[in-house]
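Contents: one structure, followed by commentary.
Start at 1 and go down the list; that is how both ligands and their atoms are numbered. For the numbers below, each heavy atom of this structure counts, side chains included, while hydrogens, waters and symmetry mates do not.
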Amino acid sequence: MPEVHNWQLGRKMAYRFPERHPRRQFAAVFNINRCIGCQTCTMACKSTWTFSRGQEYMWWNNVETKPYGGYPQFWDVKALELLEQADPGGQTWNTRQRDDRASPYGQYQGKTLFEAAAKGQEVLGYLPADEEWRAPNIYEDTPTAYPVAAGTYHPTGESLPEHRTWFFHLQRLCNHCSYPACLAACPRNAIYKRPEDGIVLIDQKRCRGYKKCVEACPYKKPMFNAYTRVSEKCIGCYPRVEGREPLFPGTPVEPRCMAACVGKIRLHGLVGVNPDGSWVEDRRHPLYYLVRVAKVALPLYPQFGTQPNIYYIPPRWVPRPYLRQMFGPGVDQAVETYLAPPRELLAVLQLFRAAQRIIFSYRIEEGGKIFETTIKGRKWEMFNDTVIGLDRAGKEIVRVSVQEPIYTRPPRHLNSI
Ligand code: SF4
Ligand code: SF4
């Protein structure tokens with residue numbers, strides 16, 4: 001089997017196809033700390049793409065409550081358990097083996113889902129039972145159990161730095177992986193990754209509905225349509241990314257789930273990719289900055305080996321071992337950085353959901369100091385900087401300041417009563 005380099009694992013790994021990468025990659029950063037679980041993203045996707053017959057149960061974007069929620073139910077626990085059974089105790093990292101470019105989180109020591117697959121299989125996976133798809137928001141807003149007397153609550157269960165009673169919302173869609181498990185598993189070669197933007201699509205004419213993609217994808221994002229008898233998945237809103245959104249003709253626009261986000265937790269973009277799969281160094285690209293420079297955003301279950309392209313800023317209040325299992329060994333640095341954000345990071349965080357058009361780079365205009373405090377015994381200062389988001393041609397599309405301006409309505413506003 002060919003070997004490919006997976007930079008999230010810091011090592012080479014076995015994959016069905018040899019190394020080949022798109023010029024740009026569909027990617028996003030989600031700030032879990034900000035999500036309010038309103039499901040506006042979920043409904044934006046549903047009302048755009050999955051309202052037809054056979055798609056009733058399809059939620060290409062879903063927001064589930066961790067630790068208990070999941071769609072399909074327990075998808076991640078099941079994948080982790082399969083990997084543990086195939087490679088007992090294998091899910092460990094050597095964090096001393098760290099290189100900023102080739103292995104920013106250290107080196108993964110265990111097997112990936114590709115390497116743990118049985119002979120004759122491309123990927124270790126499972127097919128969810130029908131009933132596991134029936135409750136997309138099961139356990140919504142349900143926190144972890146914390147032993148207290150019946151009818152009471154624990155007064156310190158929710159104190160920082162880590163809550164003892166906790167939950168968080170996990171926003172999920174297809175990761176448009178660099179090494180897609182769905183693509184590797186398809187016996188019809190019906191799944192392909194577009195060279196221009198890395199979006200992973202299922203050719204509806206080639207697919208024969210064998211469901212191998214559903215079985216293989218550890219994130220369980222391909223879904224079988226029982227009416228058309230073929231599989232479907234998130235298409236990355238590719239017409240919008242291509243600039244075919246009628247609102248902004250000719251301009252690349254964020255997917256619907258990202259553009260609709262009420263909590264302003266999502267920032268989508270297209271990152272440059274080198275022929276060896278590494279990201280093109282682009283210091284002023286907001287996603288490059290967040291993932292590769294500030295290292296505040298991390299991949300979801302990198303140990304699966306698919307090199308997913310949706311990155312998460314982990315929730316600061318959740319016990320670290322749970323987060324390390326979910327986002328890898330970069331968690332501690334990411335949470336510490338987010339707790340006391342450097343000046344540049346605070347500015348870049350303002351770009352989230354500031355524009356529908358895709359931001360390709362940013363620049364910052366410095367402002368004056370507006371606040372000062374002490375975080376973990378160290379002085380921390382806040383500046384009212386202005387961050388300016390630029391399009392592909394370097395033209396300004398949005399500007400936001402750290403301190404939101406206050407607008408006062410004229411006294412006789414039209415809507416006033
Ligand atoms: S998340 Fe799943 S469906 Fe999406 S590209 Fe990766 S393996 Fe394929
Ligand atoms: S729209 Fe944004 S804030 Fe609301 S659930 Fe989705 S990701 Fe969270």
Side-chain angles (χ1 to χ4, degrees), residues 6 8 15-17 22 25-47 58-66 69 71-72 75-76 79 112-114 122-125 128 136-137 140-141 168-186 190-194 197-202 207 211-224 231-236 238 254-268 299-302 304-313 315 352-353:
N6 183 323
Q8 293 176 356
Y15 186 66
R16 180 180 165 197
F17 297 107
Q25 175 61 53
F26 176 107
V29 169
F30 293 175
N31 184 355
I32 292 178
N33 297 274
R34 277 187 178 177
C35 179
I36 54 173
C38 64
Q39 305 284 3
T40 311
C41 49
T42 307
M43 293 314 298
C45 178
K46 185 85 189 152
S47 59
M58 288 187 194
W59 299 93
W60 291 353
N61 179 101
N62 76 293
V63 179
E64 56 203 39
T65 301
K66 289 300 181 199
Y71 187 69
W75 63 273
D76 50 350
T112 65
L113 291 173
F114 303 109
E122 297 297 342
V123 191
L124 178 65
N137 57 357
E140 189 168 56
D141 295 352
F168 66 93
H169 300 297
L170 185 68
Q171 316 72 27
R172 300 209 310 114
L173 61 140
C174 167
N175 291 285
H176 297 279
C177 305
S178 297
Y179 303 113
C182 55
L183 185 152
C186 178
I191 304 183
Y192 60 103
K193 191 166 173 65
R194 306 205 314 174
D197 52 22
I199 289 177
V200 175
L201 297 176
I202 302 177
C207 177
K211 299 190 206 170
K212 295 303 277 183
C213 54
V214 184
E215 185 182 327
C217 170
Y219 306 97
K220 294 292 168 251
K221 280 298 171 185
M223 295 163 196
F224 179 69
S231 296
E232 298 176 11
K233 64 178 282 301
C234 158
I235 59 168
Y238 70 81
E254 290 190 333
R256 290 272 287 136
C257 61
M258 319 261 182
C261 175
V262 171
K264 297 189 171 190
I265 81 133
R266 296 174 175 229
L267 184 68
H268 170 262
L300 178 64
Y301 294 119
F304 291 163
T306 66
Q307 206 174 285
N309 287 301
I310 306 292
Y311 293 82
Y312 295 83
I313 302 180
F352 283 60
R353 276 303 309 108

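Separation of the Tyr219 and Phe304 ring centroids falls under the 6.0 Å cut-off.
Side-chain contact check for Trp75 and Glu64: at least one donor-acceptor pair (N or O, by modelled atom type) lies under 3.5 Å. Side-chain N/O atoms of Tyr179 and Asn6 include no donor and acceptor closer than 3.5 Å.
Residues Pro180 and Lys193 meet the side-chain proximity criterion, which asks for heavy atoms closer than 4.5 Å. Within the 4.5 Å cutoff, side-chain heavy atoms of Tyr311 are placed close to those of Gln8. Side chains of Phe114 and Thr306 form a contact here, defined as non-hydrogen atoms less than 4.5 Å apart.
Interatomic distance, Tyr192 OH to Leu183 CG, rounded to the nearest 0.5 Å: 11.0 Å.
Within the protein, the N, O or S atoms sitting under 2.8 Å from atom 2 (Fe) of ligand 1 are Cys217 SG.
Protein residues with a heavy atom under 4.0 Å from ligand 2 are Cys35, Ile36, Gly37, Cys38, Gln39, Thr40, Cys41, Val63, Gln171, Cys261, Val262, Gly263, Ile265, Arg266.
For the pair Lys221 and Trp60, the NZ or CZ position fails the cation-pi test of under 6.0 Å to the six-membered ring centre and within 45 degrees of the ring normal.
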- Determine, step by step, whether Asn61 and Thr42 satisfy the side chain to side chain donor-acceptor pair (under 3.5 Å) criterion, reporting the C-alpha distance in whole Å, the side-chain angles of both residues, the deciding distance to 0.1 Å, and the verdict. CA-CA 5 Å; Asn61 179 101; Thr42 307; 3.3 Å; yes
